[in-house]
Amino acid sequence: MFFSISFKISLAIFVLGTLYRIINWFRFKIGTDALSFTMIDRIKSGVIGIFKTIFSLKIFSIIKVLILDVVLQIKIIRADKWRWIMHMCIFYGFMLLLLMHAFENQITKALFKNYASTLNPFMFLRNLFGAIVIFGVLIAVLRRKKTPKILTNAHDSFAIFLLFSIMLSGFVLEGLKIISSPIFDEMVSSYISGSDDITPLKAYWAKKFHVVFKEKININDEKLLSEGESSHIDNCASCHSMPETAFISYPFAVSFKHFGNTLNDFRVDRWLWYFHVLSCFLGLAYLPFSKFFHILSTPINLLLEPAEEEKNKVTSRIIGMDACTHCGVCTENCSVAQIYQVTQNPNILPSEKLASIKLLSRGKKVEREKLNEIAEGSFICTNCYRCTKVCPSGINLDDLWTASKNTLIQQGYFEPHNWIAQKSPSEWAETVKKKKDEPSDLIDNPEIFYGCVQCSTCASVCPVVAASNGNEIDLTPQQVMNLLRMGLKDLAMASKMVWNCTTCYMCEENCPQGIRVTDIFYELRNKAYIRFKDVKENV
Amino acid sequence: MANLETQVLIIGGGATGTGIARDLALRGIKCILAEKDDINAGASGANHGLLHSGSRYVASDAEAAIECREEGEILKRLAPHCIDNTGGIFAAVSGDDEKYISDFPSMCQKCGISAKPIDIKEAKELEPVLSEKTIAAYLTEDASIDPFMLSLENMAQAVSLGSSYMRHAKAIEFKIENGKIKYTKLINSKTGEETKVFAEQIVNAAGAWAGEMAELASVTIPMVYSKGSLVITQKRLTKRVINRLRKASDADILVPGGAVSIFGTTSIRINTLDAIYPTVEEVDFMISEGAKMVPILETTRYIRAYAGVRPLISLGAKKGDDRSVSRGFVLLDHTENGVDNFITITGGKLTTYRLMAEKTADLVCRHLGISATCKTREEPLPSTTHGKWTEPAMTPKMWMQKQKTDDILLCECEMISKSAVDSLIESAKQSGDPALKVLGLRSRIGKGPCQGAFCSLRIAAYMYDKGELNLDSGISDIKFFLNERWRGERPLQWGTPIIQSEIAEAIHCGFLSIEL
Amino acid sequence: MSRIELKCDLLVIGSGIAGMAASLFAANRGIKTIQIGKTNTLSFTSGLMDVLAVHPIEEKRLWKNPWDAIDTLKKDISGHPYSKVSKDTIEKAFKELVAFLKSADVPYANYQNKNVNIITPIGTLKPTFFVPESMLNGVSALEEKKPCLIIDFYNLKGFSALQIKETLKDKWQNLRTAQIKFLDSSKEQFAEQMAYDLEKPKNLDKLAKEISPHIKDAEILGIPAILGVKRHSSVLSKLQELLGVKVFEIPTIIPSVPGIRLKKAFEDKLQDIGVQSFYSQEVIQVFHKDDFVFDVTGAASMFKIRTKGVILSTGRFFGGGLSADREKITETIFNLEIYGPFLRKVWHELDFFAPRGHNINNCGIETDEYFHPIDKSGKVIFNNLYAVGSILAHNDWTRMKCGTGVSVATAYSAVNAFLNQKG
Amino acid sequence: MKFAFFKGCRIPKDLPEYELSTKVVLNKLGVELVDIEEFNCCGYPVRHLSTKASILSTARNIALARRENLDILTPCKCCYGNLMHSNYMLQGSKDLKNEINLILSKEGLRWEDDIKIKHLLYVLSNNVGIDVIKKHVKYPLTNMKIAAHYGCHALRPGKIVKFDNPLAPTIFENLIQVAGAKPVDWSKRLDCCGNPLWGKNNNLSLKLMREKIEDAKLADAEYICTACSYCHIQFDMIRKRELKGDESVPNIPAILYPQLLGLAMGIDKNKLGF
């Protein structure tokens, strides 16, 4: 009753959740190209696209990809052996447990007529599979601890925790069951006729299975034991292999022995069973909302990818984001990840940026500060393509970054060059008039400009001054220096000259007095960025 | 020769002269102000630009101290655009007179002047450039004031009320008939043109030149001249006015002015008024003395130095004279010297200029038999286009605000554009022909690091294009302007300034051969 | 970090006209030469080459014939660098320099072996000797008072044709002026940028079209010196062709295009004849035993230069050869003895344009007849060190109008002296 | 001769031919290039926003090269310039060095001033040597007129990047000559290609490029030769895309220097990435 209700509830959540996520694939959008399509259009075109792929020659290449990248995870083994082992352990260990253990009634029993969960090889295998999963989980934890670039979020921790508690509760439960006298009693009453003396069996089980009985049982009496053994062979052995083969649960059982009576009295095994089962159901219900959803989305994404239709591209982006397992490989390979160490903006890291972009794709209002952070991360990206190349889920990250940049721009979050250009230097200066300021090396140091003899060389040699018309440039380099000399740095910071400088260093190289004009421009940009970004308003 | 008539002729276009012009104009009395050079060409333009709180005079002259306090308060209220209300710090360094330091607060209190003691650490936090050897510090109400803007605005309001201003108009003769000046003959020092001005009253506000003027009316004023030199730093060193806490002495005061600081002064008795310029010795003395209070003065870059003359009246003979309103300034009614319509006002301080103008105007009114009362105690000084170009770092702000691509800068250092020069030319034309020095006085032209080397050429070329200069007048104009700038650069020729002047010489002599 | 060591026979420090000339003369004589200096010095010259035009400066006496002036000068000022070189040397030095410049397509010429008057942007006349060929037309036009049109450009600061016309009114009545809008006239114009723009035929055509209607009866056109940099000769001839009149350039205020042409010619061509040059590098330290060893700029990536001889042509204050503090004037690399330990109060005159010149302009390095710097007692300090150019004492070049002449002649003498000494 | 090959961000995706041709040419000339997969961005793009982030980026790259005990060779001038500049900053400040090393130590890395950073052209001209290259040139590209585009960030600031004479360089022309081609003398050879403004002010970026191409045309150039990822992207990819069909821009294609040299050395076109 409890089992089936909770199972049904969690299954329902699972199904609804999966549906919800699938619908969201067609509902959410990122990228300005996504704006023109309706959900229905996208569903139609998605379904058609998948069919097209399946019934085209492409399916062979997809199958190849499925086998290599999904089943065998070739991409990961190339990048990192341990990570591959982790993935294989968790995925296949869990899958085998699922098939053999969770669906024992439906699958294992059907296949093996004499199946019993306490019988070898099943008991041994269950322990083995569990151990494999735990081993994988341990690698995952260690990896996250050891690689400073990879950030771990609540989802990651929860997923790992959930897996770990399912496994651990399973093992402990098995251990408890082994030593449980109430279960022994239940079994005896079901399988042995009431008239038989079960003392020898008790003794045998106490000795061999470490069942803890309330009454004192002499387990050293050879005679009693051999009687018990024959009784065991008659009644129990067909379903019960020796417990040592449960090589993980068994040590638990042995160690629980000392407080076996208490445990048995409180029927802790039952509670733990509830816990184990509930954990599993929780996992089931949580699956559509967790990173494990990639089990579903990754293959579908692969199927949809080749359908080059615009609408599918848009959909594929969303599925792609669902396919993300937050494994951090992109971040490990990211060309600009180290910048996070300085700016502490996680949105520089592709794995984190993707999570933020998910928020963006939902079309709900995201707070300004967050958007500024996403924009900063997006515009620091150098489009090196490395993340896309290494993503084990095959997400087209490059396309995602381009799309999200477009969305950001459309919402008024530009490159610094562009948002700073939206206001005149005077307006910026007015905006930050009251804002406190940390002095910096060059621009706040008037001595830097003492050497300037006003010869105009910097302006004469500047290719930007030469190429621009009067509207494109507001000041010459010399004029920027003079503003700084007069302490008007807020005016200088936002000037078009500063932000349209190509940093060709002509001015600096030609300056007869060795004034570091270009370096000063760099500092002005750094400073302007910090000084203006909190007060910028977005259109 | 042109003849002009007016109620009052004021001689001297310093703070006092322009102040009187405004005071009278507000009382409905029209006047002509004749200045032999230009606005503030004398001591009014060659001082610290300090609006005294009075604290500096508490020991030597309590009366003057109180006057300063009162006038300072009035000006802060009525002419805020000319004033940067910085506040001040009086700081003593080890070795300074301990007695003076301990008496200072009570002396201030007696004069009603606020002087709040602060501890040394706090003082150093407020003004990090203060010496490590600072031993006492007080917060005061000193402020900095732009004397050029002040005089230009005073005159602008007088002109708007019907008075007029003549630049380069030197008084060369008083025609005295029946114990009265019948007319005054003026000569234009640029063109040589002469003008007769028939005025009911003549006010001699010629500052250091007041004695010379009085001499024209055969009146002798015993004057002594004290030259004071100052230096301008390239950057603003402090937020506040810094004043050495000791008996008023040389090289005591550092006043911030916009983006720069002004440090001074010296006091050197001189006998004549020719060739007033700062010397190398004065600059070196000031720097080494000032560095005791603000050590950075030893190493900072200076833009220029300048000197002014304090007119002092030797009152020995006239002690107890009731016309000497206070020991700060002197108002002389020359009726007793047999010239009925001639008044001299001289001495005093920039801070008390308004009071001097008020007292003078009162006397003028008595002479004219007019009962109008002074309005400058209550009426705010309006801000006009004539004064706005003098404030450091203001011109670039205004230029950047307009952002007109065609309006290119003619002066790069201080960022003065064509349109600003246009406006300056218009303003200068009110009182004569525009020339580089005239524009320079009304703005920041020539006041940046290049000291006119580049901008003089660019502005002269622009003025030719506008038809404001003709024949070879531009050449002499450039020479005159640069020479005037050079006076202030000369004592500061080391480090970068010597490079700058080498470039200037290479351009103007080596290339343009302007010296030939 | 190990430093690269470069070896040479002669190190020229300085990249002004003296340094460039010294490098040229040395390379022409097969001396292995390294030159090191600032990058941009020559663009601060007007591009005019003086020999000597005024002496004595107190009298502002102008000389038509510079060679006669030198004779008198030698008698009057024994310390003047010219007193250590013969006229023949000066002529030979210029000949070699001008030939080099011609090969670099920057032709220079003089006019009847006499000083000429060049019109300046403010309308004054600048006496000088060798001038860019593009300016020579103007000299004769002024002498013959030909009908002439002078143009200036809207938003090119510090150049007013009207000013030139007004200032020259009593010397040249036949002047007319016009203001032309240059290509994109909405912004400020810079001579150097205009010069590059005009190298493009389409821009030159456009300019010619703008000017044409103003020519009328003018036989010659005066234009600010903006007619191309590297392709100057062809820009000039093309413009004359397009307009059908002679064209002459009027030099502008620094940074000037004729100066930039010189700079480019030297920077590009000196390397071709074997000079190894390092611009925008500075000497940090110098050691001397028999050879000089120099440490040259840049934190950990410094390099060393080992040389047998050094020509010091670092110029004065702007060039960086001299520096001044409140007490004294110092030579910046070798800390050589400076003539003129005057007190600061007599460094400068009260009048900026004082005819006798500022005392400080006569200070500098004194040398023996081979341009070895000497100390107070007259002793040579290093016998493989030579000082040339404006750093030399007794040489008020701005007033005498002798800057280039002194630089070129002393560079020539020093290089020859080094060669002779080397044997 | 062995170098760590620092290809930067743009080459793998946008300019595989640059990597290909560089490797094949250098290989023939006896230079071994080692790929270090962990190399990150040189720091140039982020320098606008945070100099410190830029310096950290450089320092990490250098630290990675140190781990392999290799000097760095980069074919990109922007990378070169920024690596040199940041390295220079680190050389000059103990505090900065400590701060950066603290961050790097999390990965077991450390910056020290013992790794040389070299640009491809510098290695060709100074380490391999013109004479050696000459021996490998089998098919001199006689009569081909080439405009050498220097690229700003390798040249300037000269004191820091130490590539060649910052305003009168010769290295590139010499290398073009050794391939048998004729370098042309053009006025704007040292000017900016405009790419730093791409994506920021496209109009101005294109204007700058246009100026250069027009100037190259005046000098009769047939090709503009580049040795920088960004410059090449500008003259090739962006030009082809943005100025397509614009008749007013002379048709002078861009060629990468190792491709040019590779042709002269007789290397198969495919191997050079044509």
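Using a distance-only test at 3.5 Å, with no hydrogens or angles considered, a donor-acceptor pair links the side chain of A:R485 to the main chain of B:C413.
The structure places CG of A:L491 at 10.5 Å from CH2 of B:W399, a figure rounded to the nearest 0.5 Å. Atoms CG and OG, on B:L409 and A:S456 in that order, are 10.0 Å from each other to the nearest 0.5 Å. The CZ atom of A:F449 sits 11.0 Å away from atom NZ of B:K235, with the distance rounded to the nearest 0.5 Å. The CE atom of B:M400 lies 11.0 Å from the CG atom of A:D490; values are rounded to the nearest 0.5 Å. In this structure, CE in A:M481 is found 12.0 Å from CD in B:E412, a value given to the nearest 0.5 Å.
Proximity to chain B (any heavy atom under 4.5 Å) is restricted, for A:Q513, to the side chain, taken from C-beta onward. Both the backbone and the side chain of B:K397 have a heavy atom closer than 4.5 Å to some heavy atom of chain A.
Nearest approach of B:P396 to A:L488, heavy atoms of both residues: CG-CD1, 3.7 Å. Annotation for A:Y450 and B:T496: closest pair O-CG2, 3.2 Å, computed over non-hydrogen atoms. Considering all non-hydrogen atoms of both residues, A:C452 and B:P449 come closest at O-CB, 4.4 Å.
Atom CD of B:E132 has 12 or fewer heavy atoms from other residues, nucleotides or ligands within 6.0 Å. Atom NZ of B:K404 has 12 or fewer neighbouring heavy atoms from other residues, nucleotides or ligands inside a 6.0 Å radius.
In this structure, the side chains of A:L475 and B:M415 come closer than 4.5 Å at one or more pairs of heavy atoms.
In terms of non-hydrogen atom pairs under 4.5 Å with chain B, the most contact-rich of A:E447, A:Q454, A:Q478 is A:Q454. Looking only at heavy-atom pairs under 4.5 Å with chain A, the residue among B:E414, B:Q401, B:R301 that has the most is B:R301. Ranked by heavy-atom pairs shorter than 4.5 Å toward chain B, the options A:P425, A:S424, A:S426 are led by A:S426.
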